Amino acid sequence: MAKGYKDMLAEADALVHSVTPEETGPRPAADLVLVDIRDPRELAREGMIPGAFHAPRGMLEFWIDPESPYHKPRFAEGKTYVFYCASGWRSLLAARLAQEMGLEARSLRGGFTAWKAAGLPVETSEEA
């Protein structure tokens, strides 16, 4: 294999600034958009960070690109986007992709698991 996932993660980690849950805080700054890229089944099972925007990992390129028929205006707000998944791997790759597409992007180190472990708020599907 020419390049494995560990290589891809190491490359992304060298290029993407990651933030901790404590740095992001329970009430992220107005210029931050938290982007949950997890599968809908994960959201239903575990909840999500209150106020986060759900963007399925498989649609990111299409939702970010303003030329795409699937573009989401949320990605054209000129803010900093903090991507997160369960453990921080998928979000690291997603943040790198978003940077390559011109967004100011970060990854949440440790993902949703670290967020919950830090005792920060979680919104369940019943609350959504």
Side-chain angles (χ1 to χ4, degrees):
M1 178 172 288
K3 188 186 293 188
Y5 81 94
K6 290 179 183 177
D7 299 317
M8 295 174 74
L9 287 170
E11 288 174 6
D13 197 35
L15 298 171
V16 173
H17 177 72
S18 292
V19 295
T20 65
E22 293 80 8
E23 288 173 309
T24 304
R27 293 197 172 118
D31 63 339
L32 289 182
V33 176
L34 293 170
V35 183
D36 191 325
I37 63 165
R38 295 175 300 148
D39 182 278
R41 291 171 297 210
E42 291 174 279
L43 301 180
R45 184 177 59 241
E46 301 172 27
M48 62 191 294
I49 297 172
F53 173 65
H54 180 240
R57 171 80 167 92
M59 291 300 293
L60 280 181
E61 293 90 337
F62 306 102
W63 284 21
I64 291 171
D65 187 345
E67 299 295 319
S68 166
Y70 301 104
H71 174 68
K72 298 292 183 193
R74 190 74 190 261
F75 285 113
E77 294 178 351
K79 297 186 177 188
T80 299
Y81 297 87
V82 178
F83 292 86
Y84 74 92
C85 62
S87 66
W89 289 3
R90 290 174 287 174
S91 60
L92 187 57
L93 297 175
R96 179 180 182 180
L97 168 81
Q99 280 184 351
E100 290 174 355
M101 294 184 76
L103 295 183
E104 186 67 35
R106 308 280 183 264
S107 178
L108 185 64
R109 189 167 303 281
F112 190 64
T113 302
W115 180 272
K116 289 189 308 185
L120 293 166
V122 172
E123 180 178 81
T124 61
S125 59
E126 294 84 44
E127 297 170 318

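All residue numbers refer to positions in the sequence shown, counting from 1. Note that the coordinates shown come from a computational prediction; the quantities given were computed from them, not determined experimentally.
In this structure, Glu11 and Lys3 approach most closely via the heavy-atom pair OE1-NZ, 3.2 Å. Among all heavy-atom pairs drawn from Arg106 and Ala95, the shortest one is O-CB, 3.4 Å.
Taken to the nearest 0.5 Å, the CD atom of Glu104 stands 10.0 Å off from the CG atom of Leu32. The CG atom of Leu60 lies 6.0 Å from the CD1 atom of Ile37; values are rounded to the nearest 0.5 Å. Considering CG of Leu120 and CZ of Phe112, their distance stands at 10.0 Å, rounded to 0.5 Å. In this structure, the separation between CD on Gln99 and CG on Leu15 is 7.0 Å, given to the nearest 0.5 Å. Distance check: Glu46 CD to Thr113 OG1 gives 6.5 Å after rounding to the nearest 0.5 Å.
At most 12 heavy atoms of other shown residues, nucleotides or ligands fall within 6.0 angstrom of atom CE in Met8. Summarising the local packing, CZ of Arg27 is surrounded by 12 or fewer heavy atoms from other residues, nucleotides or ligands at distances under 6.0 Å.
Side-chain contact between Val82 and Val33: absent, with no pair of heavy atoms (C-beta onward) separated by less than 4.5 Å. Contact check for Arg74 versus Trp63: no side-chain heavy atoms found under the 4.5 Å cut-off. Annotation: side chain of Phe75 is in contact with side chain of Phe53 (closest heavy-atom distance under 4.5 Å). You'll find the side chain of Thr24 stays beyond 4.5 Å of the side chain of Ile49, heavy atoms only. Contact of the Glu23 side chain with the Arg109 side chain is not registered, since no non-hydrogen atoms from C-beta on lie closer than 4.5 Å. Under the 4.5 Å side-chain criterion, counting only non-hydrogen atoms from C-beta, Leu9 is in contact with Leu92. In this structure, Lys72 and Met59 have side chains that are not in contact, with every pair of non-hydrogen atoms separated by 4.5 Å or more. Residues Asp36 and Arg38 have side chains in contact (heavy-atom distance under 4.5 Å, counting atoms from C-beta outward).
The backbone N or O of Pro121 sits less than 3.5 Å from a side-chain atom of Trp115, completing a donor-acceptor pair.
Hydrophobic cluster membership differs between Leu43 and Tyr81, with clusters built from Ile, Leu, Val, Met, Phe, Trp and Tyr side chains linked at under 4.5 angstrom. There is a path of hydrophobic side-chain contacts, each under 4.5 Å, that joins Leu34 to Leu108.
Checked by atom type, the side-chain pair Ser107/Ser91 shows a donor-acceptor distance below 3.5 Å.
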Inset, instruction - Report the C-alpha distance between Phe83 and Val16 in whole Å, list the side-chain angles of each, state the deciding distance to 0.1 Å, and finish with yes or no for side chain to side chain contact (heavy atoms under 4.5 Å, CB included). - result: CA-CA 11 Å; Phe83 292 86; Val16 173; over 6 Å; no

Inset, instruction - Output, in order, the C-alpha distance, side-chain angles, deciding distance and verdict of salt bridge (charged side-chain N to carboxylate O under 4.0 Å, His left out) for Glu42 and Arg90. - result: CA-CA 13 Å; Glu42 291 174 279; Arg90 290 174 287 174; 3.0 Å; yes

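Ring pair Phe62/Tyr70 is perpendicular by interplanar angle, where above 60° counts as perpendicular and below 30° as parallel. Classified by interplanar angle (parallel below 30°, tilted 30° to 60°, perpendicular above 60°), the ring pair Trp89/Tyr5 is tilted.
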